Amino acid sequence: MSRYTAAEIEANWQKAWNEAGIFRAASSSEKPKYYVLEMFPYPSGRIHMGHVRNYTMGDVIARHKLATGHNVLHPMGWDAFGMPAENAAMAIGGHPKDWTYANIADMRDQMKPLGLSIDWSREFATCDPEYYGQQQALFLDMLKAGLVYRKNAVVNWDPIDMTVLANEQVIDGKGWRSGADVERRELTQWFFAISDMAEELLGALDGLENWPAKVRLMQENWIGKSRGLQFAFGLIDGPDGHDRIDVYTTRPDTLMGASFVGISPDHPLTKHLEADNAELAAFCADVRKGGTTEEALEKAEKRGFDTGLRVRHPFDTAWELPVYVANFVLMDYGTGAIFGCPAHDQRDFDFATKYELPIVATYLPSEDSNPELTEAYVPTKTDKVYYNKGFAGDTWQTGNQAVDAAIDFCEAQGVGQGVTKYRLRDWGLSRQRYWGCPIPVVHCDTCGVVPEAKENLPIRLPDDVTFDIPGNPLDRHPTWRNTSCPKCGADALRETDTMDTFVDSSWYFARFTAPHATTPTDLAEAEYWMNVDQYIGGIEHAILHLLYSRFFARAMQITGHLPKKAIEPFNALFTQGMVTHEIYQTMGDNGRPVYHLPEDVKDGKLTDGTEVQIVPSAKMSKSKKNVVDPAQIISAYGADTARWFVLSDSPPERDVEWTAAGAEAASKHLARVYRIVSDIVASNDADVPDADEALLREMHKAIQAVSAGVEAFGFNAAIARLYAFTAALGKSNAGTAAKRQAASALAQLMSPMTPHLSEELWSMLGHSGLIATAPWPVADPAMLVDAAITLPVQVNGKRRAEIQVPPDMPKEEVEKLALGLDAVQRALDGGTPKKVIVVPGRIVNVVV
RNA sequence: GCGGGCGUGAUGGAAUGGUAGACAUACCAGACUUAAAAUCUGUUGGGCCUUGUGCCCGUGUGGGUUCGAGUCCCACCGCCCGCACCA
């Protein structure tokens, strides 16, 4: 008997698919289109199990859609610009371009053995001039449409390396290479005007029904629409030109609890005062140290500097409040000034305690509660709130109702206006780095900032650059910068900033619909293929990448590069979990752990017998060495085993732990299926009506359950069902004809997950043509209904018995039957049932 | 710090508000074998004794809603993701 040899089978069928060209997508088709896309990879050099999981899930969807009569687009590309290429050039020499393209070639070679149903004819990398040139054209159109502008923005500045750092390069407030204290510094940067679309991006979330609710909620919170009060504190004896401090607050209902006013170190008033106050200048310089991330700012110790200035409370001119420059007040949000209400905000409470400022409660959980607070009182959702110092009576509650009432009251009193604001900031796209898409503008002494002419695109990156010193090589390139002004023809300088790599990934999905077009998109192709019907990727992209892509879809519609239907580019989104692995470590001489690759550990020991410490599973990462190389798994077990395992053990949205035992089990199961089907093919048993019927019923139930699982991203549940169906088939004593029918269905149901094995089985069972394009089996509803069902019978919610009843038995009869049971009578213990709840097909509950 | 998510046997996990632990792993027992591997079969949440179609407990902790809660609500604990220049 022949054995299951994955390597041979997989190579053969991949060749057959290629020759048949079944994965090439053409926009001319009578079938309904289906566009399935996985977030494209960064070409780091090696594919990892996370990629295998992501692309296998997409492949299951793509293959299922192909089998259900769709015209499927399933492309692949490379998110190829970014810092690691420059880091590699710095660390090991060479050129980012060579490094990147070599990595792409390697990763493509590692990916192809997985047998993914990808249309490789559409492949591109974002660092191809054919791609980034179109991106430059897009940028120019957006510039023309007023969607791009320049303004100052704060960056991380390394004062020793004299270079801008990415947040990732700032470690504990210090530069990663120089170790210098990082400073926040302003630079003029290009911005996309995404905040103008805040309301639109927020409102349209409601229509994204096939996105996870958590992603919509995260985007909603990120956009951060708030209604609040904008008003002014009158400044007493302020310096020239400063007679008030404008404040925006979302909590005007706590205005009577105000205890101080805080202004940002970057506030105009601060800058004014700083000029002739050395002490304040030193304070500001000090708080400007450290990185720019919101996390760093929020976690930093709250510090303030008393300016000595005082403001008047708007409702009581005799009430004066001190003005502090405070490091936790952001210039980017609101007006760059806040009022502090220590009683109801823990941050303000800490600040007030530190600087001995009054703490005035405006509301409390009850009338008699003690207003001497030891921490800020922030009502929980269930607290009833009593006002003791509201300013328009004591009838308000907290929440929106109180905020609205406070705004109305303030407006009536002529103190400020209700204002809607968004947390969403404009998207700074300038990067002071080489390996990115050049921003296509020139700086001309006469004409200022001038867009490049489209006929000069693509503005190509120069190849002759070095990375031996920090900073942007474009900036110090001897000739690249020198150009002429597209407007007046005079000598001019190129912009040397390149674009954020998020720009590259914000429209690649549109480019896949016409990857070779000489414009960013081909409208007819986009009209046919858009939207992406199913997008799949990691939850880590829930906010930025997806929000930026939604913005770009709108921008591309405004600039005429996408049809109206593509305003929301992703019809359905699925966020998959990570692949994790245990970490194996021993203690090194320096007291730090030394990590070991899983392949070097057997039964908890290294090859030399040293025991390793096992740390619970975490995301696979090179630094912890808890990685498994997909290429090794494929050569050991085959691609189908790798695919089967990453789908089988966990729900797709959750993390899956890679275990050698799990891979082994997957491999054994596929061999078992192969053996069972081989035996069936070799058999010649007569029909056995009862057994045949039972097996075919199992088959239809499996078709039903697996189809539902595949469609609803319940891959693990679908696979569990396939295990059960395989067992039923293996044990069945049905005749050969019924078994062949069931085996054919099994092969088809497995085909999205294990496409190679399924093709082999399909061919063994005597079918002609490819299983990949064979019509998906359909369950016969009549075969799904059983003659009798089992109903659990509960007494007061505890299961006491079960009864077998026909599925359509009337409620009254079920009730009578249940009450007649010995077990129920015993549990009733002579009591009379108050009521009996019968949920048809589900349960009976007798309530005493 | 802020926003979001998750938490179920020894392990991964299953369960439209309706029999908690499907399916798989591991363990144990059995069959086959000279033996091992492979394969096949069976058992396995904890406890009780009266061994029954038995009873009690059990889904991070504490409360609540409901005839009924792993599932919904509130509070807390732990872990994970994101925080705008990582991709």
Side-chain angles (χ1 to χ4, degrees), chain A residues 39 41-42 44 79 81-84 153 155-156 164-170 189 212 214-215 217-218 220-222 224 291-300 302 328 332 346-347 380-382 423-433 500-502 505 538-545 547-548 575 577-578 580 616-619 648-651 653-657 659 661-662 664-666 668-669 671-672 675 714 716-717 719-724 727 730 790-794 796-802 821-823 826 834-837 839 841-848:
Chain A
M39 291 181 185
Y42 177 77
S44 59
D79 188 12
F81 277 133
M83 283 202 306
V155 295
N156 302 304
V164 176
L165 298 178
N167 285 337
E168 194 187 50
Q169 298 170 316
V170 179
Q189 310 259 283
K214 63 180 171 186
V215 174
L217 186 57
M218 279 191 263
E220 183 182 329
N221 289 335
W222 185 262
T292 57
T293 68
E294 193 161 311
E295 184 188 4
L297 297 172
E298 289 285 329
K299 277 188 171 170
K302 307 299 173 275
F328 57 88
D332 280 334
Q346 192 58 42
R347 189 175 61 180
T380 65
K381 286 184 183 177
T382 46
R423 203 183 76 98
L424 180 66
R425 307 200 296 258
D426 278 340
W427 169 14
L429 67 116
S430 301
R431 297 292 180 270
Q432 294 70 41
R433 273 191 277 280
D500 179 6
T501 57
F502 267 120
S505 56
I539 186 69
E540 67 273 20
H541 295 293
I543 297 174
L544 292 178
H545 163 61
L547 191 63
Y548 291 160
T575 55
M578 299 177 303
T580 66
S617 239
K619 180 178 183 168
S648 67
D649 239 29
S650 281
E653 67 276 15
R654 267 203 254 170
D655 294 351
V656 64
E657 182 181 20
T659 59
E664 187 71 34
K668 280 183 188 176
H669 178 73
R672 187 180 306 131
R675 201 169 46 242
N716 56 327
I719 284 178
R721 198 66 193 69
L722 284 167
Y723 272 108
T790 305
L791 285 187
V793 180
Q794 298 181 329
N796 283 338
K798 282 187 200 286
R799 194 187 74 92
R800 296 299 176 186
E802 41 185 53
L821 292 170
D822 283 352
R826 225 182 307 131
K834 261 190 262 172
K835 70 176 158 176
V836 180
I837 291 158
V839 184
R842 277 287 176 196
I843 205 164
V844 181
N845 190 10
V846 180
V847 185
V848 188

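Keep in mind that what you see is a predicted model, and the values were worked out from it rather than measured. Chain A is the first sequence line, chain B the second, and so forth, proteins listed ahead of strands; every chain is numbered from 1.
At the heavy-atom level, Gly730(A) lies nowhere under 4.0 Å from the strands shown. Residue Ser430(A) is in base contact, counting any heavy-atom pair closer than 4.0 Å across all strands shown. As judged by a 4.0 angstrom heavy-atom cut-off over every strand, Lys668(A) is placed among residues touching the sugar-phosphate backbone only. Gly82(A) comes within contact range of the sugar-phosphate backbone alone, with a heavy-atom separation under 4.0 Å but no base atom that close. Residue contacts for Lys299(A): at a heavy-atom cut-off of 4.0 Å it reaches a base atom on one of the strands shown. Residue contacts shown for Val155(A) include a base, since a base heavy atom lies under 4.0 Å away. Among the heavy atoms of the strands lying under 4.0 Å from Val164(A) is at least one base atom, whether or not backbone atoms are also near. No contact: Phe328(A) has no heavy atom under 4.0 Å from any strand.
Counting atom types as modelled, Gln432(A) pairs a side-chain N or O with a base atom of rC85(B) as donor and acceptor under 3.5 Å. Evaluation of atom-type donor-acceptor distances gives no pair under 3.5 Å for the side chain of Asn167(A) against the base of rC85(B). In this model, a side-chain donor or acceptor of Glu295(A) finds a partner on the base of rC83(B) within 3.5 Å.
Between Arg800(A) and rU19(B) there is no side-chain N or O to OP1 or OP2 distance below 4.0 Å. Listed pair Arg425(A) / rA84(B) fails the phosphate criterion, with no side-chain N or O lying under 4.0 Å from OP1 or OP2. Considering only side-chain N and O atoms, Asn221(A) lies under 4.0 angstrom from the phosphate OP1 or OP2 of rG4(B). Residue Arg672(A) places no side-chain N or O under 4.0 Å from the OP1 or OP2 atom of rA38(B).
Taking atom C1' in both rG47(B) and rG9(B), one finds a spacing of 15 Å when rounded to whole Å. Taking the P atoms as reference points, rG60(B) lies 16 Å from rG78(B), given to the whole Å. As rounded to the nearest Å, rG46(B) and rG58(B) have C1' atoms that lie 7 Å from one another. Look at the P atom in both rC72(B) and rA14(B): the space between them is 15 Å, to the nearest Å. Comparing rU66(B) with rG18(B), their C1' atoms are spaced 12 Å from each other, to the whole Å. Distance check on atom P: rA15(B) versus rA20(B) gives 16 Å, rounded to whole Å. rU59(B) and rA22(B) have their C1' atoms separated by 15 Å, given to the nearest Å. Spacing of P atoms, rA84(B) relative to rG13(B), comes out at 30 Å, to the nearest Å.
What separates CG of Asn796(A) from C1' of rG18(B) is a distance of 15 Å, to the nearest Å. Between Lys798(A) atom NZ and rG54(B) atom P there is a gap of 15 Å when expressed in whole angstrom units. In this structure, NE2 of His541(A) is placed 16 Å from C1' of rG4(B), rounded to the nearest angstrom. In this structure, Arg423(A) places its CZ atom 7 Å from C1' of rC83(B), rounding to the nearest Å. The separation between Leu424(A) atom CG and rC83(B) atom C1' is 13 Å, rounded to whole Å. When rounded to the nearest whole Å, the span between CZ of Arg799(A) and P of rU53(B) equals 13 Å. Atom CG of Leu722(A) and atom P of rA22(B) are 18 Å apart (whole Å). To the nearest angstrom, P of rC67(B) lies 5 Å from NZ of Lys835(A).
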Restricting both atoms to N or O, compile the protein contacts to nucleotides 10-16 of chain B shorter than 3.5 Å, with distance only.
{"residue": "rG12(B)", "atom": "O2'", "partner": "Asp649(A)", "partner atom": "O", "Å": "2.9"}
{"residue": "rG12(B)", "atom": "O2'", "partner": "Ser650(A)", "partner atom": "OG", "Å": "3.3"}
{"residue": "rG13(B)", "atom": "O5'", "partner": "Ser650(A)", "partner atom": "OG", "Å": "3.3"}
{"residue": "rA14(B)", "atom": "OP1", "partner": "Asn716(A)", "partner atom": "ND2", "Å": "3.0"}
{"residue": "rA14(B)", "atom": "OP2", "partner": "Arg654(A)", "partner atom": "NH2", "Å": "3.2"}
{"residue": "rU16(B)", "atom": "O4", "partner": "Arg842(A)", "partner atom": "NE", "Å": "2.8"}

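Picking from rG5(B), rC83(B), rA22(B) the nucleotide with the shortest atom distance to the side chain of Glu294(A) gives rC83(B). Minimum atom distance to the side chain of Ile837(A) is reached by rC67(B), of the listed rC67(B), rG5(B), rC85(B). Here the side chain of Met218(A) is nearest to one of rG82(B), rC85(B), rG3(B), namely rG3(B). Residue Ile843(A) has its side chain nearest to rU19(B) when only rC83(B), rU19(B), rA87(B) are considered. Closest contact between the side chain of Leu544(A) and the listed nucleotides rG4(B), rA84(B), rC40(B) involves rA84(B). Closest to the side chain of Glu298(A), from the set rG1(B), rA84(B), rU19(B), is rG1(B). Here rA84(B) is the nucleotide among rA87(B), rA24(B), rA84(B) with the atom lying nearest to any side-chain atom of Tyr548(A).
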What verdict does the salt bridge (Lys or Arg N to Asp or Glu O under 4.0 Å) test give for Lys214(A) and Glu653(A), after you've listed the backbone C-alpha separation in whole Å, the side-chain angles of each residue and the deciding distance to 0.1 Å? CA-CA 12 Å; Lys214(A) 63 180 171 186; Glu653(A) 67 276 15; over 6 Å; no
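Using cut-offs of 30° and 60° on the angle between ring planes, the pair Phe502(A) and Tyr548(A) is perpendicular.
Base orientation of rG70(B): anti, the glycosidic angle falling outside 90° of 0.
Base pairing of rA75(B) is made with rU61(B), judged by Watson-Crick or G-U wobble geometry with both donor-acceptor distances under 3.5 Å. Base pairing of rG1(B) is made with rC83(B), judged by Watson-Crick or G-U wobble geometry with both donor-acceptor distances under 3.5 Å.
You'll find the side chain of Tyr42(A) stays beyond 4.5 Å of the side chain of Thr501(A), heavy atoms only. Residues Leu297(A) and Phe328(A) have side chains not in contact (no heavy-atom distance under 4.5 Å, counting atoms from C-beta outward).
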